[in-house]
Each structure stands twice: as structure tokens, then as C-alpha cells.
Asks: 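Please read through the structure below; I'll follow up with questions.
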Amino acid sequence: MHERAARLYDAARPIGADIVVSLPRSYFDRPVTDIARELIGAGLFVAGVGGRIVEVEAYDATDPASHSFRGPTPRNAAMFGPAGHAYVYKIYGIHFCLNIVCQKGSAVLIRALEPSEGVGTMVERRGLMGEKQLCSGPGKLAQALGIGLGHNGMPLDAFPFEIRAAEQEHAIGVGARIGITKGAETPWRFVLQGSPFLSRPLR
DNA sequence: CCAGGGATCCCCT
DNA sequence: GGGGATCCCTGGG
């Protein structure tokens with residue numbers, strides 16, 4: 001487990017109690033690329049449905065690819081709100097994407113999960129079998145977890161959300177982000193090295 | 001590869 | 001205030 005996460009857990013857990021707690025929202029009020037790295041291997045659950053995060057991307061207000069680049073608007077307001085909350089937006093008219101707000105104007109886009117809890121529910125929502133395709137992309141993941149615009153701005157350390165810090169050591173792959181034109185060279189995509197649950201291989 | 005899908009926001013009247 | 005390019009995508013060829 002990352003050192004900072006471990007300290008927060010210890011502070012939140014009564015001595016002797018074996019309770020798993022969600023990372024507190026204050027955890028996310030730090031530089032977005034640090035958090036993006038630390039989120040690889042972290043557990044993400046919505047009403048108990050979810051699994052390990054295996055792919056994320058970082059965005060901040062200095063970044064021409066970011067929704068926050070040109071300042072606050074009604075759509076991106078959550079990115080300028082408190083850290084540790086959700087920024088959910090609709091893309092291409094059909095899909096939703098889930099981001100974790102970090103320092104003001106920055107967020108981590110959650111792009112892929114390794115499903116572990118509530119797989120049956122995910123299969124139902126996605127209308128297909130095959131664990132590798134349930135959450136292998138931001139729109140797929142949002143659909144599998146039941147994420148919609150109603151989740152925009154919600155705190156991530158309270159129901160229905162739960163985020164647990166990664167517990168194991170693992171190799172992290174770094175590369176260019178996917179599907180953008182501006183800022184395309186910025187290496188702010190982070191993946192769990194070798195995971196079969198990525199949206200696309202690293203490049 | 002490429003069509004579908006609709007909101008958003010730039011930039012010009 | 002409005003036209004139109006753009007968009008952090010997906011699924012099916």
C-alpha cells in the first residue's frame with residue numbers, strides 16, 4: 001500500500017478493528033499525476049460493484065486536452081470543486097466517463113477496471129459476457145458500474161462509492177493518452193503493466 | 001476501418 | 001444568439 005494511504009487508513013481505523021475504509025476525500029487534494037499513479041491497483045466500487053483500477057489518465061488546467069483548460073463552465077464545474085468528488089460527463093452523446101477530482105482544475109479519468117465484485121450485475125448492464133470487455137474503456141466502465149450524470153459532483157468517500165488503496169506492489173506502465181489531439185504527446189496515461197483488462201495496449 | 005450519437009463551446013455575426 | 005467543428009468512445013465490419 002502507498003505510504004500516504006496507509007497513514008490515512010491507520011488514522012481512520014480504531015485500534016484492533018478490522019474495517020476497510022474508503023480513501024478520504026482529502027487524500028485527493030494533491031498533484032494529479034501522483035494520484036493517477038497511486039490509483040493503479042486501487043479498488044473502485046459503486047454500491048459494491050467494481051474491482052481493481054488498471055488504467056487511468058491525468059488531466060489538469062494547464063493541459064490543452066483537459067476540459068478545465070479554458071476555465072470553469074457549467075459542464076466542468078465539478079473539476080473546480082472540492083477534491084475527492086466525482087466529475088462525470090457525457091461523451092459522443094451516448095457514453096459517460098468517470099473522473100476523480102484532485103487539486104483544483106485537475107482530475108483522473110478512470111479508463112479500465114479488472115472486474116471482481118458484482119460481475120453478474122456488470123454482465124447484465126453491459127449486455128455481454130466476457131470479463132475482459134466489461135470495463136475495458138471509460139464508457140464501458142461507467143455502464144458496468146451504473147454511473148450516470150446523477151453521480152456528477154458526488155463525494156467518493158461515501159456511499160455508493162468506495163475507493164480502497166492498492167495493497168500490492170506492481171509495475172506501472174506510462175504512455176500517451178488515448179483519443180486526444182491537443183497535448184497528445186503528454187505521457188499521462190498510467191496502466192497496470194501486463195494487465196489483460198486495458199482498453200488498449202500501451203503505446 | 002467508420003458510422004452513430006448529442007451536448008458543448010468556440011467564434012463570428 | 002446561432003452555426004458548426006469537435007469530442008477523454010464503442011461496437012460492428
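Numbered from 1 within each chain, the chains take letters A, B, ... in sequence-line order.
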Asks: Please check if A:Leu202 and A:Leu113 belong to a single hydrophobic cluster, counting links between Ile, Leu, Val, Met, Phe, Trp and Tyr side chain heavy atoms closer than 4.5 Å.
Replies: yes

Asks: Give the cluster check for A:Val108 versus A:Val174: same hydrophobic cluster or not, with ILVMFWY residues linked at side-chain heavy-atom distances below 4.5 Å.
Replies: yes

Asks: Check for me, please, whether A:Ile110 and A:Val88 land in the same ILVMFWY cluster - side-chain distances under 4.5 Å, paths through other members count.
Replies: yes

Asks: Who are the side-chain hydrogen bond (donor to acceptor under 3.5 Å, both in side chains) partners of A:Arg25, not counting sequence neighbours?
Replies: A:Asp157

Asks: Of all residues at least two apart in sequence or in a different chain, which pass the side-chain hydrogen bond (donor to acceptor under 3.5 Å, both in side chains) check with A:Thr73?
Replies: A:Asn76

Asks: Under a 4.0 Å heavy-atom cut-off, which of residues 73-87 of chain A touch DNA chain B?
Replies: A:Thr73, A:Arg75

Asks: Only counting residues at least two apart or in another chain, list the ones meeting side-chain hydrogen bond (donor to acceptor under 3.5 Å, both in side chains) with A:Arg125.
Replies: none

Asks: Kindly give the cluster partners of A:Met79, where membership spreads through any ILVMFWY side chain lying under 4.5 Å from a current member.
Replies: A:Tyr59, A:Phe80, A:Tyr87, A:Tyr89, A:Ile91, A:Tyr92, A:Ile94, A:Val101, A:Leu109, A:Ile180

Asks: If you round to the nearest 0.5 Å, how far is CZ of A:Arg126 from CG of A:Leu141?
Replies: 9.5 Å

Asks: For A:Phe161, what residues pass the ring pair (Phe, Tyr, Trp, His ring centres under 6.0 Å) criterion, not counting sequence neighbours?
Replies: A:His151

Asks: Between C:dC8 and B:dC11, how far apart are the P atoms? Round to whole Å, please.
Replies: 16 Å

Asks: Please set out all donor-acceptor pairs under 3.5 angstrom arising from side-chain atoms of residues 43-56 of chain A, sequence neighbours excluded.
Replies:
| residue | atom | partner | partner atom | Å |
| --- | --- | --- | --- | --- |
| A:Arg52 | NE | A:Glu114 | OE1 | 3.4 |
| A:Arg52 | NH2 | A:Glu114 | OE1 | 2.8 |
| A:Glu55 | OE1 | A:Arg189 | NH2 | 3.4 |
| A:Glu55 | OE1 | A:Ser199 | N | 2.8 |
| A:Glu55 | OE1 | A:Ser199 | OG | 3.1 |
| A:Glu55 | OE2 | A:Arg111 | NE | 2.7 |
| A:Glu55 | OE2 | A:Arg189 | NE | 3.1 |
| A:Glu55 | OE2 | A:Arg189 | NH2 | 3.0 |
| A:Glu55 | OE2 | A:Ser199 | OG | 2.8 |

Asks: Rounded to whole angstroms, how far apart are CD1 on A:Ile91 and P on C:dC7?
Replies: 9 Å

Asks: Along DNA chain B, 5' to 3', what are the outermost nucleotides having an atom less than 4.0 Å from a heavy atom of chain A?
Replies: B:dG4 to B:dC10

Asks: Measure all distances between protein nitrogen or oxygen atoms and nitrogen or oxygen atoms of nucleotides 10-13 of chain C, and list the pairs falling under 3.5 Å.
Replies:
| residue | atom | partner | partner atom | Å |
| --- | --- | --- | --- | --- |
| C:dT10 | OP1 | A:Pro138 | N | 3.3 |
| C:dT10 | OP1 | A:Gly139 | N | 2.7 |
| C:dT10 | OP1 | A:Lys140 | N | 3.0 |
| C:dT10 | O4' | A:His95 | NE2 | 3.1 |
| C:dG11 | OP1 | A:Arg126 | NH1 | 2.9 |
| C:dG11 | OP1 | A:Arg126 | NH2 | 3.4 |

Asks: Going by number, which of residues 171-187 of chain A have a non-hydrogen atom under 4.0 Å from DNA chain B?
Replies: none

Asks: Of all residues at least two apart in sequence or in a different chain, which pass the side-chain hydrogen bond (donor to acceptor under 3.5 Å, both in side chains) check with A:Ser106?
Replies: none

Asks: Is the shortest side-chain heavy-atom distance between A:Tyr27 and A:Glu38 below 4.5 Å?
Replies: yes

Asks: Under 5.5 Å between ring centres and under 30° between planes: true for A:Tyr92 and the base of C:dC7?
Replies: no

Asks: Can you tell me if A:Arg30 has over 12 outside heavy atoms packed within less than 6.0 Å of its CZ?
Replies: yes

Asks: Is there a path from A:Phe159 to A:Ile147 through hydrophobic residues (I, L, V, M, F, W, Y) whose side chains come within less than 4.5 Å of each other?
Replies: no

Asks: Would you say CD of A:Gln193 has more than 12 non-hydrogen atoms from neighbouring residues, nucleotides or ligands within 6.0 angstrom?
Replies: yes

Asks: Provide the distance between the two C1' atoms, one in C:dC9 and one in B:dC10, to the nearest whole Å.
Replies: 22 Å

Asks: In what stems does DNA chain B take part, counting only runs of at least 3 consecutive Watson-Crick or G-U pairs whose two distances fall under 3.5 Å?
Replies: B:1-4 with C:9-12, B:6-12 with C:1-7

